[in-house]
Number of protein chains: 2
Amino acid sequence: MKHILANLKISISKNLYLTDPNSSILGRNIILNSIEIIDEMGFEKFTFKKLGNTIESPEASIYRYFKNKNQLLTYLNSWYWSYMEYQLVFETTNIDSPEKRLEKAILLITSNSKEYIIDGINLAKIHKILIAESAKSYLTKDVDKINKEGAFQSYKQFVSRISEIIIEINPQYLYPQMLVTTIIEGAHLQSFFAEHLPRLTNKLNTPNYITTFYTNLAFLSIKDNK
Amino acid sequence: MKHILANLKISISKNLYLTDPNSSILGRNIILNSIEIIDEMGFEKFTFKKLGNTIESPEASIYRYFKNKNQLLTYLNSWYWSYMEYQLVFETTNIDSPEKRLEKAILLITSNSKEYIIDGINLAKIHKILIAESAKSYLTKDVDKINKEGAFQSYKQFVSRISEIIIEINPQYLYPQMLVTTIIEGAHLQSFFAEHLPRLTNKLNTPNYITTFYTNLAFLSIKDNK
DNA sequence: TCTTATATAATAGTATTACTATTATATTTG
DNA sequence: CAAATATAATAGTAATACTATTATATAAGA
């Protein structure tokens with residue numbers, strides 16, 4: 001598996017950049033270092049100027065790759081969900097039981113331990129960014145515009161794949177997408193709250209209690225509406 | 001009830017402003033018009049300059065009331081959750097059954113029809129803002145700092161009140177806060193998705209399907225862990 | 001009542017941010 | 001090897017977020 005991962009390249013829709021960051025050293029530097037800086041200082045304080053300083057290129061050169069920092073965040077988002085979809089497909093092939101596949105999917109969403117480095121990208125860090133910053137890429141007045149440009153396609157595709165598993169378990173179930181996004185955004189939120197606002201969540205000393213909670217929730221809802 | 005609402009003033013922690021906006025006409029103008037502008041153009045494009053223009057006061061005067069626009073958003077957030085807590089208490093007093101009280105609470109969270117104007121504030125609009133912008137007040141690197149200043153106290157208090165109802169229903173239940181925040185943020189998200197990213201949710205033609213979904217989810221989880 | 005203190009508002013700035021137009025330097029292709 | 005093209009660097013600008021200072025109104029005490 002590690003071998004396959006090492007050779008994997010994730011391809012991103014052409015609408016999400018001006019110049020493909022994978023096509024040059026500068027481009028790859030932009031991606032790699034933006035993850036570091038956003039992780040360090042948060043998306044609001046992240047600027048192309050600061051990024052330019054760390055990679056020792058003028059900010060204008062970064063603008064050749066991305067229209068603005070929101071587009072860069074959307075790119076990272078898209079990359080993350082494409083990677084997650086790949087992981088999902090990889091880990092669920094050859095498993096007949098849709099219940100088992102759903103369990104794997106929820107584990108994938110709720111687990112924080114992503115130790116791989118793929119495509120040069122540190123998965124743990126991009127996961128951490130996603131938890132804290134991803135909502136900002138759709139919670140904007142431009143959402144309809146960038147949606148048309150395909151900004152959320154990987155996310156939709158990932159959600160759709162899990163929804164299909166749910167429908168396999170219970171073809172009568174009415175809320176597959178609702179359930180999946182509730183789990184994804186809920187799990188992200190609980191991780192964030194556990195670290196910063198503990199009174200808004202419940203920290204149990206059971207390992208993977210977030211996984212347990214959402215797995216339970218999912219199966220209860222799916223089987224109840226049968 | 002309308003009479004009581006008309007006379008109600010919601011009091012906000014002194015840490016969430018520099019000068020109490022309720023203490024002057026300018027202050028009240030700041031609150032009322034900021035809601036309009038944020039609703040119209042989104043929080044990112046909202047500036048004190050623009051607000052100053054519409055209320056015909058220089059932006060520097062607004063800085064006397066709020067440190068920055070994030071503090072203003074936090075104030076609106078806090079106002080909203082204090083109001084929601086008031087509503088919750090009001091609507092659940094004299095109801096013995098904790099199940100019925102929880103139902104009322106979830107209806108309150110998930111319902112979009114808030115037609116009242118209280119304290120001069122248009123509830124429907126502040127609710128709409130909360131759906132799209134509230135996450136931005138905690139998804140920031142300053143979260144720990146502003147948390148210490150009490151920025152999220154009203155939210156925590158609201159969550160805590162509902163958690164207590166859940167514990168009444170099932171004293172063994174392990175995840176009351178997790179469940180409540182999952183419902184609150186999930187319901188907000190589904191409203192947003194229904195409007196902008198329909199493929200990420202399920203739009204049923206049943207009225208109040210979001211309420212139904214989360215009410216079901218809540219009771220299933222609470223009763224299962226008994 | 002008048003002076004003084006204090007609250008409040010307006011003026012006039014600055015540093016930073018987000019972005020663009022233009023020029024220079026590589027690299028590729030015929 | 002020249003021309004075309006891709007890429008990067010320079011040098012800006014308008015807008016944003018904020019502050020220091022000055023002016024004006026209001027309230028309190030003598």
Side-chain angles (χ1 to χ4, degrees), chain A residues 14 16-34 37-38 40-76 133 136-137 139-142 145-146 149 151, chain B residues 14 16-34 37-38 40-76 133 136-137 139-142 145-146 149 151:
Chain A
K14 286 192 198 327
L16 303 188
Y17 52 74
L18 299 177
T19 307
D20 184 0
N22 252 314
S23 70
S24 72
I25 296 162
L26 177 62
R28 298 182 53 78
N29 262 326
I30 289 170
I31 298 302
L32 265 37
N33 287 279
S34 64
I37 299 174
I38 294 171
E40 198 185 300
M41 56 178 73
F43 185 66
E44 280 73 30
K45 281 169 194 157
F46 164 77
T47 67
F48 280 2
K49 186 82 195 280
K50 287 170 187 166
L51 176 58
N53 284 342
T54 60
I55 63 176
E56 289 175 325
S57 285
E59 55 173 338
S61 302
I62 302 163
Y63 279 98
R64 287 199 55 261
Y65 290 81
F66 295 100
K67 271 206 279 250
N68 48 51
K69 66 175 186 171
N70 284 283
Q71 197 186 38
L72 204 167
L73 182 62
T74 301
Y75 180 96
L76 294 178
E133 320 287 354
K136 292 168 192 167
S137 78
L139 291 178
T140 153
K141 283 279 165 181
D142 297 330
K145 196 183 147 212
I146 64 174
E149 291 166 2
Chain B
K14 286 192 198 327
L16 303 187
Y17 52 75
L18 300 176
T19 308
D20 184 358
N22 252 312
S23 69
S24 71
I25 297 163
L26 177 62
R28 298 182 53 78
N29 261 326
I30 289 171
I31 297 302
L32 265 36
N33 287 279
S34 64
I37 299 174
I38 294 171
E40 198 185 302
M41 57 180 71
F43 185 65
E44 280 73 30
K45 282 170 194 155
F46 164 77
T47 67
F48 281 1
K49 187 83 195 279
K50 286 170 187 165
L51 176 57
N53 283 342
T54 60
I55 63 175
E56 290 176 323
S57 285
E59 55 173 339
S61 302
I62 303 164
Y63 279 99
R64 287 198 56 259
Y65 290 81
F66 295 101
K67 271 206 278 250
N68 48 52
K69 66 175 187 172
N70 285 281
Q71 197 184 39
L72 204 167
L73 183 62
T74 301
Y75 181 96
L76 294 179
E133 320 286 355
K136 293 167 192 169
S137 78
L139 291 177
T140 154
K141 283 279 165 182
D142 298 329
K145 196 183 147 212
I146 63 172
E149 292 166 0

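Every chain is numbered from 1 and lettered A, B, ... according to where its sequence line falls, protein lines coming before strand lines.
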Regarding A:Lys136 and B:Glu44, does a basic nitrogen lie under 4.0 Å from an acidic carboxylate oxygen?
no
Look at the side chain of A:Thr47 and decide which nucleotide, out of D:dC18, C:dT17, C:dT20, has an atom nearest to it.
C:dT17
Closest approach of B:Ser24 and B:Tyr65, non-hydrogen atoms and distance?
OG-OH, 2.5 Å
Are the side chains of B:Gln71 and B:Asn68 in touch, meaning some heavy atoms are under 4.5 Å apart?
yes
Does D:dA9 have OP1 or OP2 under 4.0 Å away from a side-chain N or O of A:Ser61?
yes
Side-chain touch B:Ile146/B:Asn70, heavy atoms, less than 4.5 angstrom:
no
Presence of B:Lys67 side-chain N/O under 4.0 Å of D:dC18 phosphate oxygens OP1/OP2:
no
Establish, with yes or no, whether the OP1 or OP2 oxygen of C:dA9 is under 4.0 angstrom from a side-chain nitrogen or oxygen of B:Tyr65.
yes
Listed nucleotide nearest any side-chain atom of B:Ala60, set C:dA10, D:dC18, D:dA11:
C:dA10
Determine the contact category for B:Phe66: base if any of its heavy atoms lies under 4.0 Å from a base atom, sugar-phosphate if only primed atoms, P, OP1 or OP2 are that close, otherwise nothing.
nothing
Applying a 4.0 Å non-hydrogen cut-off, can you work out what A:Lys45 is touching in the nucleic acid: base, sugar-phosphate, or nothing?
nothing
Looking at A:Lys50, does any N or O in its side chain come under 4.0 Å of the phosphate oxygens OP1/OP2 on C:dT17?
yes
Any idea which of D:dA11, D:dA8, D:dC18 is nearest the A:Leu26 side chain?
D:dA8
Base, sugar-phosphate or nothing for B:Lys49? Non-hydrogen atoms, less than 4.0 Å.
nothing
Among C:dG13, D:dT10, D:dG12, which is the nearest nucleotide to the side chain of A:Pro58?
D:dT10
If each of A:Tyr63 and B:Thr19 is mapped to the nucleotide of DNA chain C with the nearest heavy atom, which maps nearer the 5' terminus, i.e. the 5' end?
B:Thr19
Of the options D:dT16, C:dA18, C:dT8, whose atoms approach the side-chain atoms of B:Arg64 most closely?
C:dT8
